[in-house]
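Contents: one structure, followed by commentary.
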Amino acid sequence: MNSFTVIALAIFLPFLSAATVPLAQKILRHRVGWFASAMAFVSFLLIAYVAPVVIHGDTFTGAVSWLPSVGVEFSVYIDGLSLLIGLIASGIGIIIMSYSNGYMSHKEDLSRYYQYLLLFMGSMIGMVFSANTIQLFIFWELTSITSFLLIGYWRHRPLSIYGATKSLVITAAGGLVMFIGFLILHSITGTFDIPTILHDSSMIENIKNHDLFLVTLIFIFIGAAAKSAQGPFYIWLPNAMEAPTPVSAFLHSATMVKAGVFLIARIHPIFSGTEAWFILVSGTGMATMVLAGFLAFRQNDIKGILAFSTISQLAYLVTMYGYTTYHEPGIGVAAATFHLLNHATFKACLFLVAGIVAHEAATRDIRKLGGLRHEMPLTFIVASIGALAMAGIPPLNGFLSKEMFYESSVEMGAALGFPFGIIVPAIAVIGGVLTFAYSIKLIDGIFLGKRKDEFLPHHIHEAPYVMLIPAGLLSVLVILFGLVPSIPVHNIIEPVTSGILLETVHLHVTHWHGFTPAFMMTIITFVLGLLIYTKYDSLASWQDRLNASYPWISVNYYYDAIVNNARTNAYRVSSFVQPGFVKTYINALLILTIVLIMIPMIALSGDLIPQTLSFDINPYEALLMLLMVVAAIAATVLPKYIPAIIALSSLGYMVSLLFIYLKAPDLALTQILVETLTTIIFLLVIVRIPQTFREKLSKANLTRDVFISGLVSVGVFIVLINATQGIVPPFESLSHYFIEKSVSLTGGHNLVNVILVDFRGYDTLGEISVLCLAALGVYNLIHSRGER
Amino acid sequence: MNGITLFAPELTVVATALVVLLIGLFLNTESKKVLGYLASAGLFASLVLTLMNLDANAVMYSGTLTVDALSQFFKIVFLIVALLVSVASIKYTENNEHVEEYFTLVLLAVVGMMMVASSNDLLVLFISFELASISTYALAGFERRNLKSLESAMKYFIIGALSSALMLFGISFVYGLAGTTNIPEIAQNSAMLVSSPLGIVSIVLLVAGFGFKIALVPFHMWAPDTYEGSPSVVSSLLAAGSKKMGFVAAFKVFMIALVALKTELTMAFAILSVITMTLGNVIALSQNSVKRMLAYSSVAQAGYISMAFVVMSPMAITGGLFYILSHGFMKAGAFLVTAVVGYMILSENREAENVDHLENFKGLAKRMPISAFSMMIFVFALAGIPLTAGYMSKFVLFSSTIEAGLVWLAVIAILNSAISLYYYARVVKYMYFYPAEGERVSEPLPYALTLIAAVVGVLILGFWPEPFIQWAMEAANVLIAT
């Protein structure tokens with residue numbers, strides 16, 4: 001099998017298995033989770049199958065035609081980066097789905113749960129292996145949707161619905177902004193294909209010099225930041241903790257939130273090496289790292305602490321990927337990639353422990369927990385390994401990547417010169433100190449100290465093996481990667497780093513480098529970390545007070561204000577522009593039409609009425625028109641219906657006089673006929689309705705009505721004057737044709753007759769049939785009246 | 001005789017309309033169900049006839065009608081929508097004594113729309129436009145005992161009459177300036193149109209006329225009231241069918257006849273489309289009536305599609321046309337779901353009011369899984385979620401906008417899509433996250449069939465749109481080439 005088929009299978013197998021989950025449930029019942037884990041395992045194997053390609057330093061691109069008309073293919077790009085995250089997604093997937101067998105109650109809707117998980121896993125794998133931006137975006141949004149469904153999995157909880165909506169609004173909207181970024185990128189490069197851009201240095205140069213460079217970068221970065229909960233977009237992640245804990249471990253710490261970091265790494269070769277990249281990416285990262293680390297203190301829920309810690313740890317990654325200079329575009333890439341892997345192991349492990357604790361002790365509130373080390377010794381060991389790795393204690397893997405983080409911060413600071421040579425490493429240390437403090441809090445709060453019997457059940461058991469083994473496996477990885485870092489580093493971190501930096505990289509990771517600045521920073525971190533830990537609770541309560549007195553400092557305040565009031569505000573707009581009265585609609589329509597006509601007329605022709613008016617007005621005509629004006633005014637001001645109607649019909653008769661005067665007797669006859677008929681009908685109807693003619697019109701309404709009618713009549717007047725003046729019709733009048741041809745073609749001398757029965761014979765036939773039909777209808781109406 | 005074969009789809013529909021009306025006279029109310037099948041069969045036959053002449057290219061009847069890729073594209077959109085509506089209406093009109101009138105009106109409305117798509121002359125265009133309009137005025141008020149339905153029809157009619165007047169006024173200016181009503185000939189004689197300020201007047205008046213049907217802000221005001229008040233199946237026809245008629249008329253008139261005034265048009269449509277999509281989406285946020293929400297969403301979608309008039313590149317027009325095809329399925333489907341929900345609520349309580357209130361969608365996933373699933377697909381498609389027709393349309397349209405350098409317009413459109421996500425997700429939230437308040441109800445077969453058909457359409461256009469994009473491209477070429 002070639003690599004393309006293998007990866008395509010790895011992407012679509014989870015989707016197919018999601019479709020068959022209900023079937024599997026019929027056979028396996030509550031053990032359906034093992035089916036899902038098996039499928040994840042197959043995906044993992046498939047991805048591992050293509051690993052040798054990448055470990056040898058190659059990349060692979062394969063494609064099948066999908067939408068040639070818009071230049072989009074279904075294409076797969078295998079390089080170190082995609083392989084790393086693909087393996088994490090499927091590998092953690094196996095662990096999570098196995099663990100869920102113990103975590104999820106058998107009464108839950110298991111088939112839906114595993115379907116969503118598998119769909120998510122497939123989308124995630126599809127996303128990382130996408131070779132073009134459009135396909136990447138599609139899978140990206142699919143991960144947002146599956147995340148939405150999983151956060152809202154417990155439908156009966158209002159908070160989980162709130163969290164689900166919040167995550168969807170922020171991540172999917174961020175994705176849309178990113179999509180615009182991709183489209184602009186396409187308009188610059190002419191291709192959606194990522195490898196094509198990555199491997200074409202002239203194209204990258206072209207992007208960097210383009211006017212839209214900054215816009216493109218910002219748009220794509222917003223998408224990444226929203227997904228990875230960076231900057232102001234972090235707010236969705238804490239609320240996402242309403243999801244079942246395995247979901248939080250899988251999506252909201254190990255994989256989905258890494259998608260933003262993945263994207264940053266993916267576009268690193270295109271945008272790095274610029275000031276904008278450093279300021280935007282590292283700047284956001286550093287701010288988030290410190291803020292989220294600090295906010296973690298305030299959390300009482302274990303998962304809350306883990307959520308803020310995830311935000312802070314993701315910010316490490318973002319900061320490191322952001323370290324860049326002109327000469328060395330990727331100072332922190334190796335460190336970031338290694339930390340990405342390490343974070344996936346220890347954080348998923350900690351989440352699984354949180355799930356175990358909540359499962360056994362029935363609470364996740366750290367104020368109520370304590371002293372569980374005796375009752376759950378194995379869980380205690382596993383948790384300690386995870387937490388100590390996060391705190392950066394040697395010899396665990398977290399220590400190694402944190403050292404690398406410090407090293408790269410020192411290097412970046414040095415490259416920037418004073419005062420950044422101190423500021424950048426200092427911020428990194430603050431991040432590390434805060435991480436250290438809340439990591440210790442987790443262990444201390446749950447397992448050490450005194451058992452708080454008043455909050456806890458009498459007997460707490462050790463976790464069942466089905467939950468303990470997955471967590472234990474992760475802690476084994478934490479130790480393994482810590483003791484023998486060369487395994488991950490040579491097999492995956494080096495290829496990833498080479499792929500991002502577009503050059504071959506050899507890394508050497510050890511525990512001991514001598515008394516380097518990084519080592520000193522680690523020592524400072526431990527000392528300060530312990531100090532801060534002693535002040536942990538007072539810092540937390542200070543935050544609470546601050547937030548209580550100034551609610552507007554929180555980003556959530558703005559989210560709630562905007563989203564919760566969105567409907568109210570929209571309703572205001574709606575009741576203003578859509579009051580529901582036809583009158584308003586017509587007024588708006590008329591005014592807008594006239595205004596839209598007048599603006600360009602004034603703008604184009606300068607004056608509204610042509611300078612030279614050539615009118616040939618006969619006194620009779622003038623008199624007639626004057627009378628018409630009088631009749632029109634009379635019709636509006638007369639206080640009773642009948643006189644008003646008579647005034648109106650007299651206007652009509654005067655129009656027919658005008659027709660006679662203009663030598664159109666047939667038209668005049670028709671006009672008289674129609675006028676007479678309408679007057680009669682009008683009178684017949686009007687005698688049957690109340691004769692109170694004057695509605696109580698307020699002055700404002702009256703003014704408005706007069707204004708609108710004035711506006712419309714002036715508008716029409718101007719348009720008509722323009723139409724009749726100064727335009728020479730480019731064609732001849734039709735009458736010449738009829739005068740010429742009537743005798744020769746038809747032999748008739750009466751033009752009107754000839755037109756009716758010869759030139760327009762079919763028309764007349766049609767009219768006659770219409771009249772007949774109408775007559776039949778009238779007959780029917782009269783006839784059926786008697787029956788009812 | 002070539003003309004007759006090419007005109008056969010329209011003739012078939014007319015014949016069906018007359019047959020339905022005539023047979024209806026001799027049937028009692030119980031057996032009138034057959035009329036719905038008859039009408040659907042007629043529409044289906046017409047669809048087949050249109051598909052047989054997909055590549056036809058001819059100008060017929062003294063240059064008044066044309067058959068080309070564009071007209072066939074729109075005819076198929078209209079016929080598909082009409083077929084969905086008419087099959088769903090079999091259930092809706094059950095036990096109604098006016099079935100024959102209903103289906104005759106639907107069929108005549110469709111003929112009007114098809115003729116607009118084929119029209120090559122402003123007068124034919126206007127008359128066909130009116131045929132469709134008048135039929136739909138009557139359809140909107142079909143529930144004669146329902147005050148809301150009557151009110152909606154009345155509003156639709158009054159605003160419609162005014163818009164028709166404006167449109168006719170505009171046509172008369174075009175005729176006065178260009179000396180012809182034949183669309184290609186107007187393009188040749190466009191010198192006068194460009195030189196006189198009255199050219200602009202005619203454009204404004206025509207925009208007002210078409211804008212009414214398209215529901216462009218500020219000519220949209222009737223739409224929410226009418227879509228809400230009309231029977232849901234009729235709203236479906238209005239939103240998915242008659243709206244598109246406005247588009248095809250606008251495409252023909254603005255892109256072929258008045259293309260000389262391109263600069264003025266671009267400006268006007270840029271402003272209109274931005275206002276339209278923003279206002280539509282913002283107001284949709286506040287709606288609790290699902291039909292009203294869909295109406296505003298349909299206003300917003302009209303704003304997106306109008307971007308094609310701003311960009312005017314071949315790809316943008318392709319995107320606009322593809323969007324129209326997609327919108328036909330998504331919007332028709334979404335309104336049909338409200339029809340099914342209405343059926344469900346009314347079958348429990350004859351006197352129920354506001355049957356399309358969002359509250360009635362609570363727990364729909366449990367009560368009517370097919371409808372809930374379809375609705376989810378439709379609203380996700382309308383929001384532009386990937387792998388649905390809506391996403392592909394937005395992708396083609398927005399990317400062409402950016403290619404043309406109008407990044408700001410694309411950004412506004414995308415931000416609008418983000419807003420829309422909120423109110424679409426709200427419907428899904430009600431259907432899937434809230435508990436059901438009532439028993440499981442099985443969807444009547446005609447409804448279920450149409451919903452499934454529309455879902456399949458939305459998904460095919462979302463997963464493999466290639467042939468349809470190609471087809472839209474051919475249709476767009478008709479507009480570009482001339």
Side-chain angles (χ1 to χ4, degrees), chain A residues 66-70 134 137-139 141-142 145 148 152 155-156 161 164-165 168-169 172-173 176-177 179-180 183-184 186-187 212 215 219 563 566-574 577-578 580 582 584-586 588-590 592-593 596-597 600-601 604-605 719 722-723 726-727 729-731, chain B residues 154-155 158-159 162-163 166 173 176-180 189 192 196-198 200-201 204-205 208 218-219 221-222 224-225 264 268 279 282-287 384-387 391 395-396 398-399 402-403 405 407 410-411 414 417-418 421-422 425 429 432-435 464-466 469-470 473:
Chain A
W66 183 28
L67 306 173
S69 55
V70 281
I134 298 309
F137 169 76
I138 290 174
F139 283 116
E141 293 293 65
L142 284 181
I145 293 169
F148 164 73
R155 296 164 173 172
H156 50 276
I161 297 178
T165 317
L168 185 70
V169 166
L176 287 172
V177 175
F179 178 53
I180 285 284
L183 293 181
I184 302 176
H186 175 256
S187 79
L212 291 171
V215 178
F219 281 9
V563 172
R567 298 203 43 243
T568 335
N569 289 331
Y571 183 75
R572 277 193 209 130
V573 178
S574 148
V577 298
Q578 189 94 31
V582 178
T584 333
Y585 299 175
I586 288 187
L589 219 166
L590 285 175
L592 272 154
T593 311
L596 282 176
I597 288 173
M601 289 269 299
L604 278 187
S605 59
V719 169
N722 273 286
I727 290 175
F731 51 90
Chain B
M154 204 60 208
K155 281 179 175 167
I158 291 175
I159 310 276
L162 182 63
S163 296
L166 293 177
F173 276 114
L177 290 166
T180 172
N189 298 356
M192 284 297 285
S196 163
L198 291 171
I200 310 238
V201 174
V204 172
L205 292 168
F219 313 109
M221 289 176 163
W222 62 277
D225 294 351
E264 287 86 351
L279 201 73
V282 167
I283 299 186
L285 280 177
S286 71
Q287 303 305 320
I385 298 285
L387 298 181
Y391 167 69
F395 167 48
V396 179
F398 293 179
S399 67
I402 288 181
E403 295 296 311
V407 177
V411 170
I414 279 282
S417 306
L421 201 60
Y422 180 77
K429 194 167 89 179
Y432 277 84
F433 289 170
Y434 286 160
W464 195 53
E466 183 57 25
I469 294 179
Q470 295 279 3
M473 229 176 237

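Note on naming: letters A, B, ... go to the chains in the order of the sequence lines (proteins, then strands), and numbering restarts at 1 for each one.
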Does any backbone or side-chain atom of [X] lie under 4.5 Å from a heavy atom of chain A? Answer side chain, backbone, both or neither.
X	result
B:K429	side chain
B:L162	side chain
B:P435	neither
B:V407	side chain
B:F395	both
B:I402	both

Contacting region of [X] [heavy-atom separation from chain B under 4.5 Å]:
X	value
A:T165	side chain
A:L590	side chain
A:F219	side chain
A:I180	both

Inset, instruction - Determine the option with the most heavy-atom pairs under 4.5 angstrom with chain A, choosing from B:D225, B:V282, B:L166. - result: B:D225
Nearest 0.5 Å, what's the [atom1]-[atom2] distance between [X] and [Y]?
X	Y	atom1	atom2	answer
A:I145	B:L387	CD1	CG	8.5 Å
B:I200	A:L596	CD1	CG	11.0 Å
A:L592	B:F219	CG	CZ	6.5 Å
A:L176	B:I385	CG	CD1	7.5 Å

Inset, instruction - Go through the structure and list residues passing side chain to side chain contact (heavy atoms under 4.5 Å, CB included) with B:E466, not counting sequence neighbours. - result: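 Result, side chain to side chain contact (heavy atoms under 4.5 Å, CB included) vs B:E466: A:L67, A:P68, A:S69, B:W464, B:Q470.
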Inset, instruction - Can you sort out the partners of B:I158 under side chain to side chain contact (heavy atoms under 4.5 Å, CB included), two or more places apart, ordered by chain and number? - result: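 Testing B:I158 for side chain to side chain contact (heavy atoms under 4.5 Å, CB included), a comparison that skips the adjacent residues, returns A:V582, A:I586, B:M154.
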Inset, instruction - Run the numbers on B:L421 and A:V169 for side-chain contact (heavy atoms from CB on, under 4.5 Å), then give the verdict. - result: CA-CA 7 Å; B:L421 201 60; A:V169 166; 5.9 Å; no
Inset, instruction - Measure across A:V177 and B:I414 and return the closest heavy-atom pair with its distance rounded to 0.1 Å. - result: N-CG2, 4.2 Å
Inset, instruction - Kindly give the heavy-atom pair with the smallest separation between A:Y585 and B:M221, and that separation in Å. - result: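 For A:Y585 versus B:M221, the nearest heavy atoms are CD2-SD, 3.3 Å.
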Inset, instruction - Among A:T584, A:L142, A:V215, A:I134, single out the residue with the greatest number of heavy-atom pairs under 4.5 Å to chain B. - result: A:I134
Legend entry - Close aromatic pair by centroid cut-off 6.0 Å: A:F137 and B:Y391: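 Yes, the ring centres sit under 6.0 Å apart.
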